[in-house]
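The residues of the chain are indexed from 1 along the displayed sequence.
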Amino acid sequence: MALVDVERALTQRRAYWDPEIHQQELERIFRKSWLFVAHESELAHNGDYVTRRMGSDPVIVVRDEHGKVRVFLNSCPHRGAALCRADMGNTSHFRCSYHGWTFANDGAARGIPEINEVYPKSFDKSAIHLFEVPHVEAYDGLIFANWDEDAPSLQDYLGNFSFYVHALFGKADFEVVGPPMRGIVKTNWKIGVDNYVGDGYHLSTTHKSAIDMGIFETGRESERIGRFSERTPSHCISADNGHGIRVQQMPIEFDTPTFLGWPQRYWDTFTSRLNPDQVEMLQALAVAHGNIFPNASILEALAPHVGSDTFPAAYLHLRQWHPISADTTELWMWCFVPKGMSADEKMGSQRAFLRHLGFGGCFETDDFQNWTSAASNNRSPLTWDFTFNHQGRSVEAGNDVPWPGNVFPVDHTEVNQQNLLRRWHDLMEVAPSNGNGNGHPANGH
């Protein structure tokens, strides 16, 4: 049996927990896919940089002196030590702490101590350059990078999923609220991605206590907010290249475009930047959560009850599941707000996010228990040949909304997980083909 039996929707547990499979993923998926590395608001000025990961590889994301965003391996070409040890900052140069080699923020070597004493006259400093990721592109402020010389454009990679990314991140000029939160989760990265790509099935069990407390809007307050709508309230969408999203709306109608939880002065801007189908998708939105393959998950939600110290608020969130090992993931979380929000408005949106999905949030603590349990109960090779079941019933795509992709007018289904694993399977079946076996460009530049 293959790691993923696509026809029967069964996945060997080895695909999650075997260290050899993890190493293959790093080569065949993470060095061939577009990976989120930063948001443009984090690099507002020339010289701004942040340090991030692409798969297991540490990188520097920097806006150089000419305003171009570049991504470099955070490793000195001389002996491999880290060039940058800070999480973020502003600089014109990076200097290695080992031998003092110095590089401009465009990657060119600028200083090599004792060059005349240590190296021959034939030594060409101009040929020394930081190892640079060949493809860096942005979409609606989200910056992605790809090590593959032959990678498609980011637009082609997103395919029809760009509709959903734009609906969430393109409706305004967003900025990051504070630095990303970071934490280690003892589970495989695919467990969290499986959850975010479209799992509404777990809500009534895993999050029953949160729902009972009224901190997630399921439609109870519909009559107070607006008039009843007979539209289908939930959809799961399987999109190109393994991407997917679940959209849950409350059964409410409005006479004019209404974006619950966001300050009303932004509503006209939202409407002007979106097409009518995207506006309709965001009407009475309770939650939309999805995943950009392989490991960037996105979510927008309404938090009607976030505490007596803040008002009801919407929040926009991106998280990334960095694969550390087969059973360890470093989770990074960002919160976004439209530029120009007041301090109180920013605080309300951020607190809503933190109290729902932060590391101590009511939903996250529920999820972590399940995700870490899956890891701790599958450590032995004895379990690796058993399977995970993704055999949710066959569902016909509907036409009740004109959204792109395969749009299924149901809430609890496993079609998105099947689509995700099909993409994972296709990439894992193809061995690296660039000649050096590691997925990096052969010249290291």
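- Aromatic rings from Tyr49 and Phe94 are positioned such that their centres are separated by under 6.0 Å.
- At distances below 3.5 Å, at least one donor-acceptor pair connects side-chain atoms of Asn105 with backbone N or O atoms of Glu65.
- Using the six-membered ring where Trp is involved, Tyr196 and His289 have ring planes that are perpendicular, over 60° apart on the 30 and 60° scheme.
- One distance of note links CG of Asn241 with NE2 of His243; it measures 4.5 Å at 0.5 Å rounding.
- In this pair, Trp334 and Phe36 present their aromatic rings perpendicular. The plane angle is above 60°, beyond the 30 to 60° band.
- Rounding to the nearest 0.5 angstrom, the gap separating the CG atom in Leu354 from the CE atom in Met333 is 9.5 Å.
- The aromatic rings of Tyr164 and Phe161 sit tilted relative to each other, their planes meeting at an angle between 30° and 60°.
- A side-chain donor-acceptor contact under 3.5 Å links Thr383 to the backbone of Ser380.
- Looking only at distances, a side-chain donor or acceptor of Asn160 sits under 3.5 Å from a matching main-chain atom of Asp240.
- Aromatic ring centres of Trp371 and Phe368 lie closer together than 6.0 Å.
- For residues 379-390, the salt bridge (charged side-chain N to carboxylate O under 4.0 Å, His left out) pairs, not counting sequence neighbours, are Arg14-Asp385, Asp327-Arg379.
- Between Asp173 and Lys339 there is no salt bridge, since no side-chain N of the basic residue sits under 4.0 Å from a carboxylate O of the acidic one.
- Using modelled atom types, no side-chain atom of Thr206 and backbone atom of Leu203 make a donor-acceptor pair closer than 3.5 Å.
- For Gln278 (side chain) and Asn275 (main-chain N/O), a donor-acceptor pair under 3.5 Å exists by modelled atom type.
- Applying the salt bridge (charged side-chain N to carboxylate O under 4.0 Å, His left out) test to residues at least two apart or on different chains, the pairs with a partner in residues 361-370 are Arg319-Glu364.
- Under the 3.5 Å distance criterion, the side-chain polar atoms of His66 are left unmatched by any main-chain donor or acceptor of Lys68.
- Relative orientation of the Phe353 and Tyr315 rings is tilted, given thresholds of 30° and 60° on the angle between their planes.
- Checked against Pro294 for a side-chain contact (heavy atoms from CB on, under 4.5 Å), the options Trp424, Trp321, Phe30 give a single hit: Phe30.
- Crowding of Phe386 atom CZ: a count of heavy atoms from other residues, nucleotides or ligands under 6.0 Å not exceeding 12.
- For the pair Arg246 and Asp411, the salt-bridge criterion is met [side-chain N within less than 4.0 Å of a carboxylate O].
- A donor-acceptor pair under 3.5 Å links the side-chain atoms of His166 to the main chain of Arg273, judged by distance alone.
- A donor-acceptor distance shorter than 3.5 angstrom exists from the side chain of Tyr157 to the backbone of Phe293, with no hydrogens or angles considered.
- Under the salt bridge (Lys or Arg N to Asp or Glu O under 4.0 Å) criterion, Glu330 pairs with Arg53, Arg182, sequence neighbours left out.
- Asn419 places a side-chain N or O within 3.5 Å of a backbone atom of Ala239 that can act as its donor or acceptor partner.
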